[in-house]
Amino acid sequence: MFMKASVSERQLMVKKSQLCLNCLRVGHSRSVCSMDKVCKMCGFKHHTLLHNVTAKQHFSEEDPGSTSKTTVNNETVSSTTIIDTTEAVVAHGMPRSPAVSSVLLSTALVQVHGSNGRTELCRALLDSASQSHFITSSLATRLGLQRVNCPVTVEGISDASTKMSEMTFLSVSSRISDTNYRLTAIVTPRVTVDLPTKRCSVDTWTHFKDVSLADPNFHVPGRIDLLIGAEVFLDCIKNGKISGPANTPTLQNSKFGWIVYGTTEMQSSQQTQLPSIASRVVTSCAITSLDRTLRNFWELEEVPRLSTMSAEEKMCEEHYQNTHTRDSRGRYVLQLPFKKDIPSNNNSYLNALRRLNQVEAFLSKHTDISIQYKEFMREYQDSNHMEKYYHMTSTNQ
C-alpha cells in the first residue's frame, strides 16, 4: 500500500505514524537519526521515497527552524540549515531567477592508506576554513584504522556545536606526485552532502583542456569521505592559476592536481529540473579545547572550599613552609615547633616543689630507704643523666 501511494500520500502516512523521515523507523525524529544515508535525488536528509520531484518547493520536513524564507528585492530566498548529530553544515538556497549561480567547492581524489595495508582512492573536500580533518566512519572501518577516544566539540555556523568522541590517524598521498601527509582526523558518520549538489555542464569550459585535474569528476555529485582542513590545504597549493570566462570556475594548481572552485551558471534547462535545494555548502569548523571545556565544567560544578584548620594547625602549616629544608641525602629537615605564648597560670613549679617536700618527709622517717635513694641519685648524676640546678634568685645552694 505504501509503495503504490503517491509521494504526497506517503508523506502524510509517515507523519501520521510518527516515523523518522530519513529511515522510516519509529522512536526518533529525523534531526537525531544516526543513519548517514540521504535522499539520492536531492541530497537532503529524508528518504528517497519521500522526494517529490514535481513540487514547486522542496519537501518541508517540519523540523523547527529547518526552513525560513525572506524577501529580498521582491524575490523569495530560501535558507535551509542542515544540522544533525555529526556535523554543522549550512546550505543557502539562491533566488529563483532565469540564471542560477552555483558555487563549486574544491575536491580531490586522494589515496588514503590504512593500517591493514589497504589503500583506497576516495574523494576529499579541501576546506581552507576548517581547523581539523574529518573522515567518515565507514572509510575508517574499511581501512582498519585504529580509533582513540577523544571527546571534542566541533563548532560551526551560527555557533552550532556537535559532540564528537573518536579520532584516528591516517596517511594521505597524491595520485600524481610523491606528496604524503600524516593526518589526525575526527571520525564522523558523515562529512557533508554529496558534492556538487547538482551536475554541471562542462562542454563550454575550454580552459579545462590539457590539465591534470585533482578530481576528474568534480562536476558530478559524489560522496565525500574525507575533509582535509586548512593545515594541509595551504601547504598543498602551488603556483599556477587559470581563470576562464565569466560564470565559469577557476583552476588552481596543487600537489593533488588542478583543483576546481568558483561560481558556475546553470542554464534554464537545468533550473527547471532543480528543486529548491541548497546550491552552496559552507563547512567551517573549529575545535573547542578539551582542557578548556573540562576546566569550565569543574569551575561551574565545584563546591567552594571552606577552611577547617584550627589556629594551631595553621601555625604548624606556616612553620613547615618557613623552616623546612632538604639535606644532601634528600631527607627533609624541620625545626621542632614551640608555642610562643606560654599560659601565665602554669603552676608546674609549685607542684614539683610540693612533691619534693613530700619525698623528703618520707625519707626522714625511713633511714634505710633514704640511704638507698641518695646512692641511686648520686649514681644517676655520675652517669650524666642529671645535673645540679641552682636557682637564680637564691643565694643558697
Side-chain angles (χ1 to χ4, degrees), residues 115 131-132 145-155 161-169 182 184-187 286-397:
S115 56
Q131 293 181 337
S132 303
L145 298 177
Q146 184 178 2
R147 309 183 191 190
V148 294
N149 291 326
C150 186
V152 295
T153 300
V154 179
E155 297 180 347
S161 60
T162 305
K163 305 294 184 181
M164 304 285 184
S165 60
E166 292 182 328
M167 284 188 176
T168 189
F169 310 96
R182 288 287 300 171
T184 300
I186 300 174
V187 181
I287 288 188
T288 301
S289 170
L290 177 61
D291 178 70
R292 185 182 68 186
T293 301
L294 290 177
R295 184 169 63 252
N296 292 340
F297 171 77
W298 288 117
E299 287 177 355
L300 290 174
E301 296 294 328
E302 186 176 9
V303 178
R305 297 181 180 179
L306 299 177
S307 177
T308 57
M309 297 176 64
S310 64
E312 290 188 351
E313 290 173 337
K314 292 180 180 180
M315 184 186 69
C316 291
E317 179 72 19
E318 293 176 359
H319 177 79
Y320 172 81
Q321 295 291 343
N322 297 331
T323 65
H324 84 278
T325 58
R326 299 190 69 174
D327 59 17
S328 58
R329 293 177 294 176
R331 299 179 62 184
Y332 284 91
V333 179
L334 183 67
Q335 296 181 12
L336 291 176
F338 293 95
K339 288 186 177 182
K340 296 181 180 180
D341 299 327
I342 301 176
S344 58
N345 58 348
N346 189 348
N347 297 320
S348 61
Y349 172 77
L350 296 178
N351 293 333
L353 182 60
R354 184 168 55 253
R355 288 292 301 163
L356 177 62
N357 292 333
Q358 292 175 352
V359 171
E360 288 182 344
F362 174 82
L363 295 178
S364 63
K365 298 177 181 179
H366 303 83
T367 307
D368 296 339
I369 298 178
S370 176
I371 295 174
Q372 295 178 8
Y373 176 80
K374 293 180 180 179
E375 182 66 25
F376 171 80
M377 297 301 289
R378 188 181 299 106
E379 181 180 352
Y380 204 75
Q381 185 178 5
D382 293 342
S383 301
N384 294 323
H385 293 311
M386 70 175 184
E387 61 182 6
K388 201 168 185 177
Y389 173 72
Y390 299 92
H391 199 284
M392 300 297 297
T393 59
S394 177
T395 57
N396 299 324
Q397 294 187 355

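- Residues that satisfy the salt bridge (charged side-chain N to carboxylate O under 4.0 Å, His left out) test with E312, not counting sequence neighbours, are K339.
- Side chains of D327 and Y332 form no contact here, defined as non-hydrogen atoms less than 4.5 Å apart.
- Counting all heavy atoms, side chain and backbone alike, S132 lies closest to I186 at CB-CD1, 4.1 Å.
- The backbone N or O of Q335 sits less than 3.5 Å from a side-chain atom of H319, completing a donor-acceptor pair.
- Identified under the salt bridge (charged side-chain N to carboxylate O under 4.0 Å, His left out) test for residues 365-377, with sequence neighbours left out: E375-R378.
- Atom CG of N322 sits about 10.0 Å away from atom CD of E317, to the nearest 0.5 Å.
- In this structure, H324 contributes its side chain and Y320 its backbone to a donor-acceptor pair below 3.5 Å.
- Scanning both residues, L145 and F169, for their nearest heavy atoms gives CD2-O, 3.6 Å.
- Under the 3.5 Å distance criterion, with hydrogens and angles disregarded, a donor-acceptor pair is assigned to the side chains of N351 and R354.
- Looking at residues two or more places apart in sequence or on another chain, you find a side-chain contact (heavy atoms from CB on, under 4.5 Å) between E313 and M309, S310.
- Listed for the S383 side chain is a donor-acceptor partner under 3.5 Å among the backbone atoms of E379.
- The two residues V187 and M167 come nearest to each other via the heavy atoms CG2-C, 4.2 Å.
- No more than 12 heavy atoms of other residues, nucleotides or ligands sit less than 6.0 Å from atom CZ of R355.
- Taking all atoms of both residues into account, the shortest heavy-atom contact from N149 to E166 is OD1-CG, 4.2 Å.
- Around atom CD of Q358, more than 12 heavy atoms belonging to other residues, nucleotides or ligands sit under 6.0 Å away.
- Note that CD1 of I369 is 7.5 Å distant from CG of L363, once rounded to the nearest 0.5 Å.
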